[in-house]
Structures are given as C-alpha cells and as structure tokens.
Amino acid sequence: MAKSHTIFACQQCGATYKNWTGRCAHCGAWSSLIQQFDEDSRDEKSAVGRGQTSGKTLDFVSIKDLEVSDENGRLSTGFKDLDIVLGGGILPGAVTLLAGQPGIGKSTLLMQICAEIAKTKTVLYVSGEESAGQVKLRAIRLGAESDNLKFASSTSANDIAKTIESGDFDLVIVDSIQTLTLAEIASAPGGISQVTNCGNLIIRAAKLSDTAVIIVGHVTKEGTLAGPKVLEHLVDVVLQFEGDRYGGFKIIRAVKNRFGSTSEAAIFEMNQSGLAEVENPSAALLAERQNTDGSIILATLEGTRPILVEIQALATPTNFGYPKRTASGFDLNRLNLLIAVIERRTKLRLNDKDIFINVVGGLRVQDSAADLAVCLAIASAIAGRKLAEDFVVFGEVGLGGEIRSAFRPDQRISEAKKLGFAHAIAPATVKDKFVIPVKDLRHTLIDYVNE
C-alpha cells in the first residue's frame with residue numbers, strides 16, 4: 001500500500017497536482033489550488049488491476065419491468081410558479097441544489113417551503129450555519145412552527161446521511177453543503193474532496209430512502225455556484241436564486257432539471273411576511289414610470305412568462321476623452337456591440353458621449369429581443385425626443401442593422417394589450433395589426449426618435 005501524501009486540488013475544476021502552482025493548467029483559474037491530504041493514493045496501474053478483478057456481473061431486468069415514481073406524489077412548495085419551475089413540485093427521492101447570493105432570501109424561501117409541506121408531511125431542517133435560536137426566530141416570523149417540522153444542527157455528513165436513510169422524513173433541508181465534513185476525509189470543510197464526497201453520500205441516502213432533499217450551495221463573487229462542477233452533475237435539479245438582495249424582484253430559474261423544463265422562471269418580492277409571488281410583474285414595474293426621453297418599454301420574456309419592463313438610457317458629453325459605457329441589468333458586452341452597430345449603420349455619433357443603460361426593477365434582461373429597445377432608448381436620449389406612451393418595443397438587432405425576429409411574439413403582444421398599449425414596434429416577420437413592422441435600425445430611428 002502506498003504512503004499517504006499531500007496533493008493540491010483546484011477548487012474550480014477539480015484537477016489535482018503534486019505541487020502548488022499559482023494558476024490551474026486545466027481551467028486557467030488563479031489561486032484556486034488548495035492543499036489536501038490524499039489518504040487513498042495508490043499507483044494508477046495497480047488500481048486498474050484491482051478494478052478488473054474485483055468487479056462482478058450486473059443484475060439487469062427488462063426496461064418494461066422497471067417501476068416509475070408516482071408523479072402525483074410530488075410535494076407542493078406552496079408557490080405555484082416555483083412548482084412549475086420544478087416541473088410540478090418536489091419529486092420524492094429527488095435532490096435539489098439551491099444557490100444564490102448571501103442575504104438574497106434562500107433560508108427564508110426554504111422555511112416557507114417547510115411550513116407548507118409540514119402541513120401534511122414530515123420535514124427535517126438541518127443547519128450547519130445557524131444556531132437553533134436563529135432558525136426558531138425565523139420560523140416564528142414566517143409562521144412555520146409545526147409539530148411535523150423538526151430541526152437539527154449538524155455539520156457531519158455521516159450523521160445527516162444516516163438520518164436521511166432512516167426514511168423517517170419526506171423532505172430534508174441541508175443548509176449548507178459547504179459546511180459539511182465527512183469523518184473519513186481530513187481536509188477542511190468546503191474543499192473539493194469534502195463537498196464532492198458529502199454530496200455523494202447524501203444523494204445516495206436520498207435515493208435509497210426515496211426522500212426529497214434540498215441542499216443549499218454558496219456562490220462565488222462572480223455569482224456562479226461555488227465548489228466543484230461535479231456537484232451540479234450529481235444532483236437532479238439546480239435552482240439559481242437571482243436578484244438584488246436589497247430590493248426589487250427576485251427570480252428563481254432552473255439551470256438544470258431532470259424532471260421538467262429549464263425555460264421557466266418564478267418571480268418573487270420580499271415583504272414583512274417573507275417571499276411572495278408577483279402575480280402581475282409588468283404592472284408593478286411600470287407603476288412609477290415617467291415617460292421621458294431615453295425611456296422605452298420592452299416586451300420581454302422571463303422563462304415563458306411575458307413581462308413589460310422599462311429600459312432607461314442616459315447620454316452625457318464625455319469629459320475625459322474616452323467615452324464611458326455602463327449597464328445595470330443588461331450585458332455590457334452586448335451594449336458595446338449595439339453602440340458599434342448604431343455608429344456604423346446610422347448617422348448617430350456616440351464616440352463623444354457617455355452612455356448609461358438601466359433596467360428598472362432590478363431585473364437582469366438576457367433576452368436578445370431587448371436589442372431594439374436598447375437602441376431606441378439610446379437614440380431617444382441623444383435626440384431628446386420621447387416615444388409615444390402607448391408603444392412597446394421588441395426585436396433583435398443584427399450586425400448589419402437589420403431587425404430580426406423574436407421568440408414567442410404572440411405572448412409579448414398579448415401582455416402589451418392587457419396593459420392597455422396600442423402598438424408594438426417589432427420585426428416585420430410578426431403578422432399582427434397591433435404591430436408596426438420595422439426592417440432595419442436606421443429607418444426605425446429616423447421614423448420614431450430622430451431629430
């Protein structure tokens with residue numbers, strides 16, 4: 001048996017090295033190598049040889065004889081839109097990974113889910129970060145006190161997995177995976193070995209006992225899920241909690257879902273009683289709108305839900321020679337591309353203007369159909385002219401200045417009609433009397449916002 005030795009593992013991709021280096025050669029991440037104690041290191045050839053002799057023939061059955069989990073046995077979260085994101089609710093035996101920025105409301109959401117499911121099922125809330133008193137205060141505030149809701153404080157993955165495997169609970173919350181440790185591994189909590197093996201142990205226990213498990217995961221400063229990528233591959237569902245933790249709407253998207261679609265989104269807002277679903281986000285986002293130059297209403301989609309949001313643009317003279325471009329809620333690289341298209345395909349000169357773009361309400365727009373609205377907002381701010389109040393805009397802008405078709409235009413138009421808008425400036429491919437068709441960016445700016 002080979003001696004134990006120290007290895008260095010990358011926290012981003014999981015690659016291992018014998019010596020520390022400043023940069024991982026596999027993923028290119030800097031300062032991501034963490035020292036770990038490898039207790040099971042053996043010669044690769046002997047490991048393969050042992051594997052060839054220790055295996056056995058698998059037991060197999062016809063696929064017709066396989067049993068399928070009862071879809072009607074899903075656990076409802078109490079939030080209609082969140083159930084849709086999950087594919088109809090939480091499936092027994094499914095392991096869900098929930099990630100989001102600190103303070104955005106993950107623990108609040110989970111406590112509200114526990115309160116709903118504990119009305120009819122048995123739920124266990126395991127916390128490795130907070131004390132019993134902290135969890136108790138949150139439960140009182142959210143009205144989650146119930147005899148069916150149990151609490152345990154532990155950072156031992158061995159104990160948590162054994163508890164899950166007992167089958168005494170219908171749902172188990174683990175908050176969070178980065179605080180857990182496996183007794184057989186000597187490395188610190190949050191390392192690649194700990195997170196991967198703790199996750200494996202909990203997932204195995206959930207599958208054996210048919211227990212639904214929700215695991216909380218931390219995120220990096222870039223907003224991506226912290227820890228090894230393999231953890232996302234192991235679980236059944238990965239939920240991303242997005243938004244501004246200080247206000248505005250918060251959105252839950254399914255980054256991965258083995259039991260449903262990944263194109264859905266649930267929209268929430270925080271109030272004194274916890275998180276609440278937003279029934280009509282379009283009306284809420286437009287309630288305080290003032291129709292000024294640089295203000296354009298975009299008909300966009302969050303998942304499959306149509307939403308009307310206000311795109312604001314501000315243009316000021318550049319004071320330091322190099323124009324500044326800033327975007328809040330919109331991709332900055334996309335903004336620079338659209339500015340280049342405007343300068344090349346129209347007569348607007350933007351090289352001496354600082355340009356600022358804001359998506360009202362704290363939303364982050366990732367819809368390519370927002371291109372036309374952003375371009376019109378910039379042109380409106382430059383020209384000092386307003387677009388009519390009863391107009392909405394959507395459409396993708398190509399590098400040639402052409403206006404391209406948008407995904408699901410009928411839903412966007414229907415939402416605009418519900419809120420009393422009269423017209424939509426949209427691609428010419430959309431055949432509807434409500435739509436004013438446009439084919440290229442230059443003529444659109446001339447017709448609607450040019451001086």
Side-chain angles (χ1 to χ4, degrees), residues 75 77-79 82 86 90 94-118 121-146 148-165 168-182 188-191 194-203 205-206 211-220 225-228 231-232 234-242 245 250 252 255 268 270 274-275:
L75 306 175
T77 62
F79 298 107
L82 183 55
L86 291 167
I90 303 173
V95 179
T96 302
L97 181 61
L98 174 65
Q101 296 285 351
I104 197 171
K106 299 187 297 295
S107 298
T108 299
L109 175 68
L110 292 176
M111 187 59 70
Q112 291 181 259
I113 292 175
C114 289
E116 176 66 24
I117 295 178
K121 304 290 184 179
T122 306
V123 181
L124 174 64
Y125 192 106
V126 182
S127 177
E129 297 181 345
E130 298 177 302
S131 65
Q134 290 174 302
V135 177
K136 171 70 173 180
L137 290 175
R138 183 184 298 112
I140 294 174
R141 179 171 61 88
L142 300 175
E145 294 180 287
S146 171
N148 288 335
L149 177 55
K150 313 297 182 182
F151 173 80
S153 180
S154 175
T155 58
S156 172
N158 307 69
D159 298 343
I160 295 173
K162 197 67 175 179
T163 305
I164 295 173
E165 200 170 330
D168 295 334
F169 301 96
D170 298 288
L171 173 66
V172 176
I173 308 293
V174 180
D175 188 6
S176 66
I177 188 67
Q178 272 80 12
T179 64
L180 302 188
T181 58
L182 199 64
Q194 289 287 9
V195 171
T196 304
N197 288 283
C198 290
N200 264 309
L201 191 63
I202 291 173
I203 291 169
T211 303
V213 176
I214 299 179
I215 301 173
V216 177
H218 294 171
V219 295
T220 63
L225 191 65
L231 184 62
E232 296 182 55
L234 291 173
V235 299
D236 300 305
V237 181
V238 179
L239 298 180
Q240 189 74 30
F241 207 165
E242 304 171 353
R245 61 179 177 173
K250 307 177 192 303
I252 296 181
V255 180
F268 297 88
M270 184 72 77
L275 287 165

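All residue numbers refer to positions in the sequence shown, counting from 1. Only a predicted model underlies this, so the values are computations on that prediction, with no experimental measurement involved.
In this structure, the separation between CG on L86 and CG on D236 is 11.5 Å, given to the nearest 0.5 Å. The CD atom of Q178 sits 13.5 Å away from atom OG1 of T155, with the distance rounded to the nearest 0.5 Å. For the atom pair L75 CG and I214 CD1, the distance stands at 9.0 Å (nearest 0.5 Å). The CG atom of L110 sits 9.0 Å away from atom CZ of F241, with the distance rounded to the nearest 0.5 Å. Interatomic distance, L82 CG to L239 CG, rounded to the nearest 0.5 Å: 6.5 Å. Atom CG of residue L124 and atom CD1 of residue I164 lie 8.0 Å apart, to the nearest 0.5 angstrom.
The shortest heavy-atom contact between F79 and L275 is CE2-O, 3.6 Å. Of all heavy-atom pairs spanning S127 and E130, the tightest one is OG-N, 3.0 Å. Shown here for C114 and I173, the closest heavy-atom pair between the two residues is SG-CG1, 3.6 Å. Across all their heavy atoms, G105 and M270 have their closest contact at CA-CE, 4.1 Å. Nearest heavy atoms, I177 versus G199: CD1-N, 4.0 Å. Closest of all the heavy-atom pairs between A161 and A205 is O-CB, 3.4 Å.
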> Please walk me through it: do T122 and D168 pass side-chain contact (heavy atoms from CB on, under 4.5 Å)?
Replying inline: CA-CA 8 Å; T122 306; D168 295 334; over 6 Å; no
> So L149 and E145, side-chain contact (heavy atoms from CB on, under 4.5 Å) or not? Walk me through it.
Replying inline: CA-CA 7 Å; L149 177 55; E145 294 180 287; over 6 Å; no
>> Set out, in order, the CA-CA distance, both residues' side-chain angles and the distance that settles side-chain contact (heavy atoms from CB on, under 4.5 Å) for V126 and T163, then state yes or no.
In response: CA-CA 10 Å; V126 182; T163 305; over 6 Å; no
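Listed by first and then second residue, the side-chain hydrogen bond (donor to acceptor under 3.5 Å, both in side chains) pairs that reach into residues 102-114 are S107-D175, sequence neighbours excluded.
A 4.5 Å side-chain heavy-atom check between L201 and N197 finds every atom pair outside the cut-off. Considering only heavy atoms from C-beta on, N158 stays 4.5 Å or farther from K162 through its side chain. Here the side chains of Q101 and V219 are in contact, with some heavy-atom distance below 4.5 Å. Between I215 and L231, the closest side-chain pair of non-hydrogen atoms is not below 4.5 Å. Taking the side chain as every heavy atom from C-beta outward, K121 and L171 never approach each other to under 4.5 Å. In this structure, the side chains of Y125 and M111 come closer than 4.5 Å at one or more pairs of heavy atoms. Side-chain contact between P189 and T181: present, with at least one pair of heavy atoms (C-beta onward) separated by less than 4.5 Å. L180 has its side chain out of reach of L182: every pair of non-hydrogen atoms, C-beta onward, lies at least 4.5 Å apart.
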